2 protein chains.
Amino acid sequence: MCAADHGREQGMRIGEVASRAGVSVRSVRYYEDQGLLVSTRSAGGQRQYTEHEVERVRFLQRLYTAGLSSRTIAELLPCVDAPSADHSDAALERMAEERDRLTEHIADLVRTRDALNELMTAAREYRDAEFA
Amino acid sequence: MCAADHGREQGMRIGEVASRAGVSVRSVRYYEDQGLLVSTRSAGGQRQYTEHEVERVRFLQRLYTAGLSSRTIAELLPCVDAPSADHSDAALERMAEERDRLTEHIADLVRTRDALNELMTAAREYRDAEFA
DNA sequence: CTTGCCTCTGACGTCAGTGTCAGGTTCTAG
DNA sequence: CTAGAACCTGACACTGACGTCAGAGGCAAG
């Protein structure tokens, strides 16, 4: 069943990467289009990946759910992939920006969650008053 | 029925509500389309609002930035507007759901922020190694 | 009345990430 | 060798919360 059954650590194909990372095949191709992921190709032109790419896709997902756009992620990745003085200064600043944005966003969400809790408390009081 | 004790707030028009709440006129109309906001109309058909609607729009914004969709918000509002036993049970559950989702999302964001911080630390070490 | 700003409805455009379809090729199990 | 699963590229569809434009009308001031 498994292409890796022969003990060869050859490339996985896109379907396997997608299912392991829990995303769609379409998304994996999209990430590559956006330059967030690279692949080698088989003789026939099919994408080949290693375990490393599965991690990469999971990492991308984290950044996406954190609200970063493909564009922003693309700006950060060079530093992640090949840290160097050249990349670092720009990317560090970018990351700091995003981290701060995240921190702010988190605080906002917490406030909203608290507001939601207050609403629930109020609603419960109303309900309990009906039954009193 | 009118809020006599709200002062002499005649109807604001849509532009004023929008700027006070810090959103676009388009957005205010959209919220009304989605049933999240109501307005009275002047003789000529223009929307009229009170201070109360400004608060409402701000509240809607909070929910939007918390990641709730118009649809979800529409399900919660009846309980907010007219708390009653009928609405409460369903809406309470919905709110609890959303609160939990928020909590989870927040935890996720915190993890991502931490990951970002780790990346920054790694990048800094690289950079500092260059200068050493 | 006219000027000018604000508003009205309706409809199409945008962006990002993804679904999906079409028409064709590659790979693998039997 | 063959069937069929998985893959390829390319392109159009979709969702959501708006932006934006068009053509028409409201509303206070001069």
Side-chain angles (χ1 to χ4, degrees), chain A residues 1-8 10-49 53 56-77 98 101 105 112, chain B residues 10-49 53 56-77 98 101:
Chain A
M1 294 248 174
C2 241
D5 256 1
H6 298 306
R8 265 268 172 256
Q10 294 280 45
M12 286 179 262
R13 291 195 295 171
I14 196 171
E16 193 174 348
V17 172
S19 72
R20 283 205 194 178
V23 305
S24 69
V25 167
R26 178 69 174 88
S27 294
V28 177
R29 290 205 195 98
Y30 179 73
Y31 301 158
E32 186 169 329
D33 282 351
Q34 302 303 305
L36 311 179
L37 193 63
V38 289
S39 63
T40 56
R41 297 297 184 116
S42 73
Q46 300 197 347
R47 292 171 179 83
Q48 291 185 143
Y49 301 95
E53 269 68 52
R56 165 68 73 129
V57 171
R58 290 206 184 102
F59 179 60
L60 293 177
Q61 277 290 302
R62 310 243 357 210
L63 296 181
Y64 273 121
T65 62
L68 306 211
S69 67
S70 294
R71 198 164 143 57
T72 302
I73 296 174
E75 292 179 43
L76 300 184
L77 285 182
E98 290 303 326
R101 195 188 54 75
H105 189 51
T112 301
Chain B
Q10 299 279 35
M12 282 179 265
R13 292 194 296 172
I14 196 171
E16 193 173 349
V17 172
S19 73
R20 283 204 195 178
V23 305
S24 69
V25 167
R26 178 68 174 90
S27 294
V28 176
R29 289 205 195 97
Y30 178 73
Y31 300 159
E32 187 169 328
D33 282 349
Q34 302 302 305
L36 311 180
L37 193 62
V38 289
S39 62
T40 55
R41 297 297 183 115
S42 72
Q46 300 196 350
R47 292 172 180 84
Q48 291 185 147
Y49 302 95
E53 269 69 52
R56 166 68 73 128
V57 170
R58 289 207 185 101
F59 179 60
L60 292 176
Q61 277 290 301
R62 310 246 353 212
L63 296 181
Y64 274 119
T65 62
L68 306 211
S69 66
S70 293
R71 198 164 144 58
T72 302
I73 296 173
E75 291 178 44
L76 300 184
L77 285 183
E98 289 304 325
R101 195 189 54 75

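In this text the structure is predicted, and so the values were computed from the model without any measurement. Below, chains carry the letters A, B, ... as their sequence lines are ordered, and counting in each starts from 1.
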* Is there a side-chain contact between A/R29 and A/S27, using heavy atoms and a 4.5 Å cut-off? -> no

* Asked: Could you give the CD-to-C1' distance, from B/E32 to C/dT7, as a whole number of Å?
  -> 13 Å

* Are B/Q61 and B/V23 side-chain neighbours, meaning at least one heavy-atom pair lies under 4.5 Å? -> yes

* Which letters describe nucleotides 18-30 of chain D, given B = protein heavy atom under 4.0 Å from base, S = only from sugar-phosphate, - = neither? -> BBB----BSS---

* Asked: Any sub-3.5 Å donor-acceptor pair from A/T72's side-chain atoms to A/L68's backbone N or O?
  -> no

* Asked: Okay, side chain of A/R58, backbone of A/E53: is any donor-acceptor separation there less than 3.5 Å?
  -> no

* Asked: Between A/E16 and A/R47, is the closest basic N to carboxylate O distance under 4.0 Å?
  -> no

* Structure fact -> Nearest heavy-atom contact between A/L36 and A/R56 is O-NH1, 3.1 Å

* Asked: If you look at every strand shown and take non-hydrogen atoms under 4.0 Å, does A/R29 touch a base, only sugar-phosphate, or nothing?
  -> base

* Would you please name every residue forming a side chain to side chain contact (heavy atoms under 4.5 Å, CB included) with B/S42, sequence neighbours left out? => B/Q46, B/Q48

* To do: Please list, chain by chain and in numerical order, all residues satisfying side chain to side chain contact (heavy atoms under 4.5 Å, CB included) with A/Y30, sequence neighbours excluded.
  => A/R26, A/Q34, A/Y64, A/S70

* Kindly indicate whether the side chain of B/Y49, heavy atoms from C-beta on, has any atom under 4.5 Å from the side chain of B/V28. => yes

* Expressed in angstrom and rounded to an integer, what is the separation of A/L60 atom CG from C/dA16 atom C1'? -> 15 Å

* Five-pair end axes of the helix from C/dC1-D/dG30 to C/dG30-D/dC1, angle between them (10°) -> 10°

* Asked: Atom CG of A/D33 to atom C1' of C/dT18: distance rounded to whole Å?
  -> 12 Å

* Check the distance between C/dG17's P and A/L68's CG and give it to me in whole angstrom. => 10 Å

* Using a cut-off of strictly less than 4.0 Å between a heavy atom of the residue and any atom of DNA chain C, enumerate the qualifying residues of residues 69-77 of chain B by number. => none

* Pairs satisfying salt bridge (Lys or Arg N to Asp or Glu O under 4.0 Å), at least one member in residues 60-76 of chain A, at least two apart -> A/E75-A/R94

* Where B/V57 and B/A21 come nearest, the two heavy atoms and their spacing -> CG1-CB, 3.4 Å

* d(CZ, A/R41; C1', C/dC27) in whole Å -> 15 Å

* Asked: Between D/dA6 atom P and A/M12 atom CE, what is the distance in whole Å?
  -> 16 Å

* Asked: Can you check the A/Y49 OH to D/dA6 P distance for me, whole Å?
  -> 16 Å

* To do: Taking only the side-chain nitrogens and oxygens of B/R47, find out if one of them lies under 4.0 Å from OP1 or OP2 of C/dT9.
  => yes

